[in-house]
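Structure first, then comments.
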Amino acid sequence: MHIVIMGCGRVGSTLAHILEDKGHSVAIIDQSPEAFRRLRSGFRGRRVTGFGFDRDVIAEAGIEHASAFVAVSSGDNSNIISARVARETFGVDNVVARIYDPRRAEVYQRLGIPTVATVRWTADQILRRLLPEGAEPLWRDPTGAVVLAELDAGHLWVGEKVQELEEHAKTRVAFLSRMGEALVPDRDTVIQDGDVVHIMARSDEVERVNAAVAARNEGSA
């Protein structure tokens with residue numbers, strides 16, 4: 001695939017290197033020629049100086065035959081405008097825009113632009129390391145309404161069916177991590193020692209689910 005990236009900061013340059021290593025062709029846009037110094041000396045992709053929402057600039061980057069467009073500059077407005085130009089003017093279906101203000105995520109979703117809310121994601125990752133116990137979000141949809149969370153089920157759930165945990169906590173188990181591999185459970189799947197339970201729930205339900213599981217464990221101790 002040919003992929004166009006707007007923004008040659010740490011994220012953009014890292015993406016460019018990873019994508020190139022995977023065999024894709026890459027063009028990267030930045031308004032500052034100095035930004036391209038972040039690219040390794042052997043980078044074979046195209047470097048284009050200018051603004052990613054400028055049609056001539058984005059065309060020079062090969063947007064007309066691109067399979068994907070990524071906007072990861074330091075400006076929310078620039079990212080979303082350039083993503084819309086890529087999609088609406090050049091017909092690129094696969095676009096992603098990074099934003100710093102998570103409150104804008106819902107608006108962008110309505111425009112059909114998938115977003116990565118940097119502030120929220122970073123905060124979640126830090127919280128997961130500071131507070132490893134309980135159900136901490138692994139993933140959150142751009143609106144913040146739905147999360148994928150790791151649930152501390154406790155050893156007392158070992159030997160019980162996933163269905164029983166779901167009914168007790170009134171939640172939905174998305175998958176189990178078992179010996180380093182993901183397992184999608186069915187009605188008869190039994191929780192084994194060492195399993196990590198991942199639930200999909202509304203963000204305002206995570207604390208309730210964790211409390212329900214903890215209360216069951218305490219009651220069985």
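Count residues from 1 along the sequence.
Using a cut-off of 4.0 Å between Lys/Arg side-chain N and Asp/Glu carboxylate O, Glu181 and Arg178 are scored as not salt-bridged. Using a cutoff of 4.0 Å between basic side-chain nitrogens and carboxylate oxygens, Arg37 and Glu34 are scored as salt-bridged.
Other residues, nucleotides and ligands contribute over 12 non-hydrogen atoms within 6.0 Å of the CG atom of Asp186.
A donor-acceptor pair under 3.5 Å links the side-chain atoms of Arg98 to the main chain of Ser73, judged by distance alone. Looking only at distances, a side-chain donor or acceptor of Glu20 sits under 3.5 Å from a matching main-chain atom of Gly45. In terms of modelled atom types and a separation under 3.5 Å, the side chain of Glu166 and the main chain of Val173 share a donor-acceptor contact. With His24 contributing its side chain and Leu19 its backbone, the two residues share no donor-acceptor pair below 3.5 Å. Within the 3.5 Å criterion, the main-chain N or O of Glu60 finds a donor-acceptor partner in the side chain of Arg46. Side chain of Asn210 to backbone of Val206: no donor-acceptor contact under 3.5 angstrom is found.
Using a 4.5 Å heavy-atom threshold, the side chains of Ile199 and Leu148 count as separate. Contact check for Ser82 versus Phe51: no side-chain heavy atoms found under the 4.5 Å cut-off. By the 4.5 Å heavy-atom criterion applied to side chains, Asp195 and Trp157 are not counted as neighbours.
Heavy atoms only, all atoms of each residue included: Val72 and Gly7 are closest at CG2-O, 3.8 Å. The two residues His2 and Ser25 come nearest to each other via the heavy atoms ND1-OG, 2.8 Å. When all heavy atoms are compared, the tightest approach of Asp21 to Arg40 is OD1-NH2, 2.7 Å.
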Practice item. I would like to know whether Glu164 and Lys161 meet salt bridge (charged side-chain N to carboxylate O under 4.0 Å, His left out); could you show each step before the answer? Key: CA-CA 5 Å; Glu164 182 179 344; Lys161 291 184 177 181; over 6 Å; no
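Rounded to the nearest 0.5 Å, atoms CG (Asp76) and OG (Ser78) are 9.0 Å apart. To the nearest 0.5 Å, atoms CD1 (Ile99) and CD1 (Ile80) are separated by 7.5 Å. Rounding to the nearest 0.5 Å places CZ of Arg47 at 5.0 Å from CG of Leu39.
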